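These notes concern the structure reproduced below.
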Amino acid sequence: PWGYSKENGPATWHKDCPIANTGVRQSPIDLITTGQTCAKYDSNLKPVIVSYPAFSEATFLNNGHSVQFQPSAGNLSELSGGPLTKKYKFEQFHFHWGNNDSEGSEHRVNGKMYPAELHLVHWNSESPNFSSFQEAVGSNDPHALCVLGFFLKVGAENASLKPITDLLSKVKNAGSSVSFPGKFDLKAVLPETLTDYYTYDGSLTTPPLAECVKWIVFKEPIEVSTAQMEAFRAVDDGHGKPITGNYRPPCPLHTRTVAASFK
Ligand SMILES: NS(=O)(=O)c1ccc(-n2ccn(-c3ccc(F)cc3F)c2=O)cc1
Ligand SMILES: [Zn+2]
């Protein structure tokens with residue numbers, strides 16, 4: 001199976017997943033802010049709107065290549081605004097991280113990596129072509145999914161993310177999961193204003209690498225403490241080793257353009 005080691009990492013994914021090498025809208029990318037192929041300010045881009053009532057029932061799992069928070073089917077969390085013309089339903093969130101503070105994020109800004117990146121995965125709930133997340137991923141619709149990306153940087157402890165980072169030791173072993181105790185307020189994790197972001201058409205960053213994602217990557221990082229970062233680095237990959245950098249390197253932009261909602 002695919003992973004992030006030498007033997008099964010991103011450079012080998014094309015064997016089972018040819019789009020890794022042939023795709024023209026693969027993710028992640030390096031978000032360049034100056035020069036020829038740089039992000040272009042688009043004054044029409046509105047703030048992103050999220051409606052995230054606190055989750056009351058969810059599973060937190062280690063799937064061997066990330067840790068993922070998956071609310072039960074009934075969750076009503078929604079996303080709209082920004083570059084989107086439809087309403088999207090929340091599916092799950094997960095993280096990508098490195099084994100030191102100079103690497104770990106999937107997207108980069110002028111070549112700079114952050115120590116981690118949070119992905120909030122949503123699917124278009126107003127499409128006539130599909131009515132579930134699973135169908136959305138397989139639909140070939142260019143904007144079937146929308147993923148919100150937030151960089152993590154090391155600083156003060158993040159009290160809103162503490163319920164998640166405190167749970168990491170409980171899912172140390174790959175394949176383990178716990179039911180999330182109590183309520184989780186995802187809204188409290190995010191910056192108040194979701195106005196400054198980059199947006200472009202891309203893909204899932206792991207197999208199946210489906211090219212169905214409208215990406216929205218926020219400029220403002222979320223702070224977490226060193227201890228919280230260390231907690232991610234103690235999560236195992238199923239071969240008795242910590243997950244060492246579950247991030248894919250940047251992919252070619254090809255003919256794509258990146259829009260920025262800010263100057
Ligand atoms: N890192 S990311 O671009 O946010 C990302 C990368 C990969 C996935 N992903 C991997 C498998 N799936 C998946 C799950 C259920 C399903 F029915 C079909 C899928 F492709 C999925 O959504 C979801 C999100
Ligand atoms: Zn991701």
Side-chain angles (χ1 to χ4, degrees), residues 1-4 8-10 13 16-20 23 25-31 48 50 58-73 75 77 79 88-98 103-108 113-125 127 129-152 164 174-175 177 186 189-190 197-218 221-222 232 235 237 243 245-251 256:
W2 65 272
Y4 293 93
N8 65 5
W13 292 353
D16 289 333
C17 209
I19 202 169
R25 54 171 285 185
Q26 289 289 291
S27 293
I29 60 172
D30 189 351
L31 299 159
V48 170
V50 293
T59 301
F60 190 61
L61 77 120
N62 169 353
N63 55 28
H65 41 262
S66 184
V67 289
Q68 186 162 308
F69 180 97
Q70 187 107 22
S72 56
N75 99 78
S77 297
L79 161 69
Y88 285 67
K89 276 194 185 314
F90 179 87
E91 176 68 16
Q92 50 102 335
F93 71 74
H94 62 273
F95 299 83
H96 301 263
W97 63 89
E103 59 179 61
S105 64
E106 296 217 289
H107 290 90
R108 306 183 187 194
M113 270 190 267
Y114 286 85
E117 188 170 330
L118 162 62
H119 287 159
L120 311 184
V121 182
H122 308 74
W123 59 279
N124 178 354
S125 62
S127 165
N129 306 321
F130 45 79
S131 51
S132 75
F133 175 76
Q134 285 73 358
E135 288 173 353
V137 179
S139 72
N140 270 326
D141 176 310
H143 301 143
L145 303 186
C146 177
V147 182
L148 305 186
F150 292 88
F151 295 118
L152 267 57
I164 296 292
S177 67
L186 176 58
V189 173
L190 312 184
Y197 56 83
Y198 303 95
T199 184
Y200 75 98
D201 288 351
S203 73
L204 299 179
T205 64
T206 74
L209 299 172
E211 296 187 324
C212 64
V213 182
K214 171 61 87 178
W215 273 96
I216 301 175
V217 180
F218 290 86
I222 292 172
F232 283 104
V235 171
D237 65 359
I243 294 177
N246 53 351
Y247 59 91
R248 187 189 191 191
C251 304
R256 291 177 288 178

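When a ligand or atom number is given, it counts from 1 through the structure's own listing order. This is a predicted model, so every value here is computed, not measured.
Closest non-hydrogen pair, Ser177 versus Thr59, comes out as CB-CG2, 3.8 Å.
Against a heavy-atom cut-off of under 4.0 Å, Gln134 is close to the following atoms of ligand 1: 16 (C), 17 (F). Close approach to His94 involves these atoms of ligand 1, each under 4.0 Å from a residue heavy atom: 1 (N), 2 (S), 4 (O), 24 (C). The atoms of ligand 1 that sit less than 4.0 Å from any heavy atom of Pro208 are 10 (C), 11 (C), 20 (F).
Between His96 and Tyr4, the ring center distance fails the sub-6.0 Å criterion.
The nearest protein atom to atom 15 (C) of ligand 1, hydrogens excluded, is given as Phe133 CE2, 4.0 Å; this is a heavy-atom distance. Residue, atom and distance of the protein heavy atom nearest to atom 6 (C) of ligand 1 are Thr206 OG1, 3.5 Å. Here the protein heavy atom with the shortest distance to atom 5 (C) of ligand 1 is Leu204 CD2, 3.9 Å.
Residue Glu91 does not touch ligand 1, judged by heavy-atom distances below 4.0 Å. Here Val147 has side-chain heavy atoms under 4.0 Å from ligand 1, and that is the only part of it that gets that close. Within the 4.0 Å heavy-atom criterion, the part of Pro207 lying near ligand 1 is the backbone and not the side chain. When non-hydrogen atoms are compared, ligand 1 lies under 4.0 Å from neither the backbone nor the side chain of Trp123.
Closest N/O/S atom of His119 to the Zn ion (ligand 2): ND1.
The shortest separation from a heavy atom of His96 to ligand 1 is under 4.0 Å, placing the residue in contact. Using a non-hydrogen distance threshold of 4.0 Å, Trp215 registers as a contact of ligand 1.
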| said: Working note: Val48 + Tyr197, criterion side-chain contact (heavy atoms from CB on, under 4.5 Å); need CA distance, chi angles, decisive distance, verdict. | reply: CA-CA 9 Å; Val48 170; Tyr197 56 83; 3.8 Å; yes
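Test Tyr247, Phe93, Trp215 against His119 for ring-ring contact (aromatic ring centres under 6.0 Å, His included) and you get one pass: Trp215. Among the candidates Ile216, Leu148, Val189, the single residue satisfying the side-chain contact (heavy atoms from CB on, under 4.5 Å) test with Leu120 is Leu148. Checked against Val67 for a side-chain contact (heavy atoms from CB on, under 4.5 Å), the options Val235, Asn246, Ile243, Ile164 give a single hit: Val235.
Within 6.0 Å of atom CG in Asp16, 12 or fewer heavy atoms from other residues, nucleotides or ligands are found, so the atom counts as exposed in its surroundings.
When Val137, Thr205, Asn246 are ranked by how near their heavy atoms come to atom 18 (C) of ligand 1, first place goes to Val137.
Here the side chains of Phe151 and His107 are in contact, with some heavy-atom distance below 4.5 Å. Side-chain contact check for Leu145 versus Glu91: every heavy-atom pair is 4.5 Å or farther apart.
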